Amino acid sequence: MIRFGLIGYPLSHSFSQGYFTRKFQEEGTQDRYRYDNFPLASIQDFPTMLAQHPDLRGINVTIPYKEAVIPFLDALDPAAAAIGAVNTIRIDQGKLTGYNTDVIGFGESLHDFLAHHGGPSQGALVLGTGGAAKGVAWVLRQAGIPFTYVSRTKSKEQLSYSQLTAAHLAKVDLIVNTTPLGMSPAVDNFPDIPYHCLNARHRLYDVIYNPPKTVFLQKGEAQGAAIRNGLAMLHGQAEAAWTIWRQTN
Ligand code: NAP
């Protein structure tokens, strides 16, 4: 039996175990592969967990360990190194290599979204400056899409929500929400941008997938903007992890 798993804390609402368990059943490989959750109260427990499960060949990493896990790895994929966050680990003959498949999932989903709604973006706003924002920024840079961060904190490099004007929204055709505002259960929350300045030229992408249509997306849609949620990103990161693990298993 070859084992895969997820580390994070807590893991009560994890998507990955259900996704991979269903996948192994559908492919008829459930006697060969299994996927388990490993809630770790401290990342210092990671080496012990690895030693207890020598059959582990791949690990997904979720909140709060995407950055904290890096010192425990032997090698980093260039994208994971550039972003400073790992959500997938491949274990090959005891060697741990870290990858970031969130950016693969986001990149594929974003390019599909833009291709179906107006083509390449000439400029974007990224709402939020946390872990998800760093991955989004990496994808935008790779695609040559100029962008500005919008943050609760004002600085030279980023706008604050109160600074946002009609002129800023007129200059961009893509807005990516990477804040947790609107995520279940606080579904009534939304980023404070001037929605009345949006129009059919705008594309709104929300990395949140639960609920499927956040208030951010609802408000954009009401102005005629094209919208996309984070579900394809979620599936894309899982499939990209599977592609990486399959190289050795
Ligand atoms: P995070 O680091 O905790 O927060 C992201 C940023 O949002 C923060 O850095 C902050 O930026 C802003 N923010 C936080 N609370 C806010 C508030 N009350 N009002 C306004 N801004 C606020 O979270 P994350 O790890 O980046 O994840 C963000 C979201 O992405 C979550 O909803 C997560 O579920 C989702 N996600 C989805 C996928 C997927 O596959 N679809 C993958 C990864 C993450 P400022 O301090 O600069 O304002």
Side-chain angles (χ1 to χ4, degrees), residues 6-20 43 60-70 79-80 83-88 98-113 124-140 147-164 175-195 204-217 219 227-244:
L6 172 71
I7 62 165
Y9 200 82
L11 289 180
S12 46
H13 297 295
S14 118
F15 150 88
S16 299
Q17 187 182 29
Y19 184 86
F20 282 107
I43 192 64
N60 287 129
V61 184
T62 189
I63 292 167
Y65 299 135
K66 289 186 182 186
E67 294 171 19
V69 78
I70 291 177
I83 297 154
V86 161
N87 79 321
T88 297
Y99 299 83
N100 190 309
T101 69
D102 283 335
V103 296
I104 300 174
F106 174 69
E108 288 172 353
S109 162
L110 178 71
H111 291 305
D112 178 75
F113 178 46
L125 294 175
V126 176
L127 312 182
T129 60
K134 289 195 181 82
V136 165
W138 189 84
V139 169
L140 297 180
F147 67 92
T148 307
Y149 283 117
V150 183
S151 168
R152 291 168 298 179
T153 313
K154 206 184 291 185
S155 82
K156 252 193 251 162
E157 295 80 34
Q158 59 203 28
L159 292 164
S160 69
Y161 292 91
S162 59
Q163 283 177 308
L164 271 185
I175 304 176
V176 185
N177 176 44
T178 74
T179 78
L181 293 170
M183 187 170 67
S184 178
V187 296
D188 294 334
N189 292 343
F190 54 89
D192 184 16
I193 65 169
Y195 291 93
L204 265 54
Y205 190 111
D206 201 331
V207 299
I208 294 171
Y209 50 85
N210 180 21
K213 203 186 282 185
T214 55
V215 174
F216 168 71
L217 294 182
K219 284 175 169 284
I227 61 169
R228 176 70 60 97
N229 69 25
L231 190 63
M233 172 181 175
L234 184 71
H235 289 178
Q237 63 77 26
E239 280 306 310
W242 184 237
T243 301
I244 288 165

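Everything numeric in this text was worked out from a predicted model, so none of it was measured. One-based numbering, in listed order, for ligands and for the atoms of each.
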Name the closest protein heavy atom to [atom], giving the residue it belongs to and the distance to 0.1 Å.
atom                    : value
atom 38 (C) of ligand 1 : Met233 CE, 3.8 Å
atom 37 (C) of ligand 1 : Val207 O, 3.4 Å
atom 34 (O) of ligand 1 : Met183 SD, 3.5 Å
atom 27 (O) of ligand 1 : Ala132 CB, 3.9 Å
atom 29 (C) of ligand 1 : Thr178 O, 3.7 Å
atom 43 (C) of ligand 1 : Lys66 NZ, 4.1 Å

For the pair Phe15 and His235, name the ring-plane relationship: parallel under 30°, tilted 30 to 60°, perpendicular over 60°.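 The rings of Phe15 and His235 lie parallel, inter-plane angle below 30°.
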What orientation do Phe216 and Tyr195 show, parallel under 30°, tilted 30 to 60°, or perpendicular over 60°?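 Judged by the thresholds at 30° and 60°, the geometry between Phe216 and Tyr195 is perpendicular.
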Could you report the tightest heavy-atom contact between [X] and [Y], atom names first, then the distance?
X      : Y      : answer
Ala137 : Phe147 : CB-CZ, 3.5 Å
Asn229 : Pro212 : ND2-O, 2.9 Å
Val176 : Val136 : CG1-CG1, 4.0 Å
Tyr161 : Leu127 : OH-CB, 3.8 Å
Ile208 : Gly182 : CD1-C, 4.2 Å

Less than 3.5 Å apart, any donor N or O on the side chain of [X] or [Y] sitting next to an acceptor on the other?
X      : Y      : answer
Tyr99  : Gln237 : no
Ser160 : Ser162 : yes
Ser155 : Tyr149 : no

Can an N or O of [X] be found at a distance shorter than 3.5 Å from an N or O of ligand 1?
X      : answer
Gly130 : yes
Thr179 : no
Thr129 : yes
Gly230 : yes
Gly131 : yes
Val150 : no
Arg152 : yes

Can you tell me how far apart OG1 (Thr214) and CG (Asp206) are? Round to the nearest 0.5 Å.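 The CG atom of Asp206 is 3.5 Å from OG1 of Thr214, to the nearest 0.5 Å.
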Would you verify that at least one protein heavy atom lies under 4.0 Å from atom 3 (O) of ligand 1, or report that none does?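 Given the 4.0 Å limit, the answer for atom 3 (O) of ligand 1 is no, no protein heavy atom qualifies.
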Any protein heavy atom sitting closer than 4.0 Å to atom 23 (O) of ligand 1?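 For atom 23 (O) of ligand 1 the answer is no, since every protein heavy atom stays at 4.0 Å or beyond.
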Proximal atoms of ligand 1 relative to [X] (non-hydrogen, under 4.0 Å):
X      : answer
Leu234 : 40 (O)
Ser151 : 45 (P), 47 (O), 48 (O)
Ile208 : 32 (O)
Tyr209 : 41 (N)

For residues Arg152 and Thr179, determine if any side-chain heavy atom of one lies less than 4.5 Å from a side-chain heavy atom of the other.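 They are not in side-chain contact.
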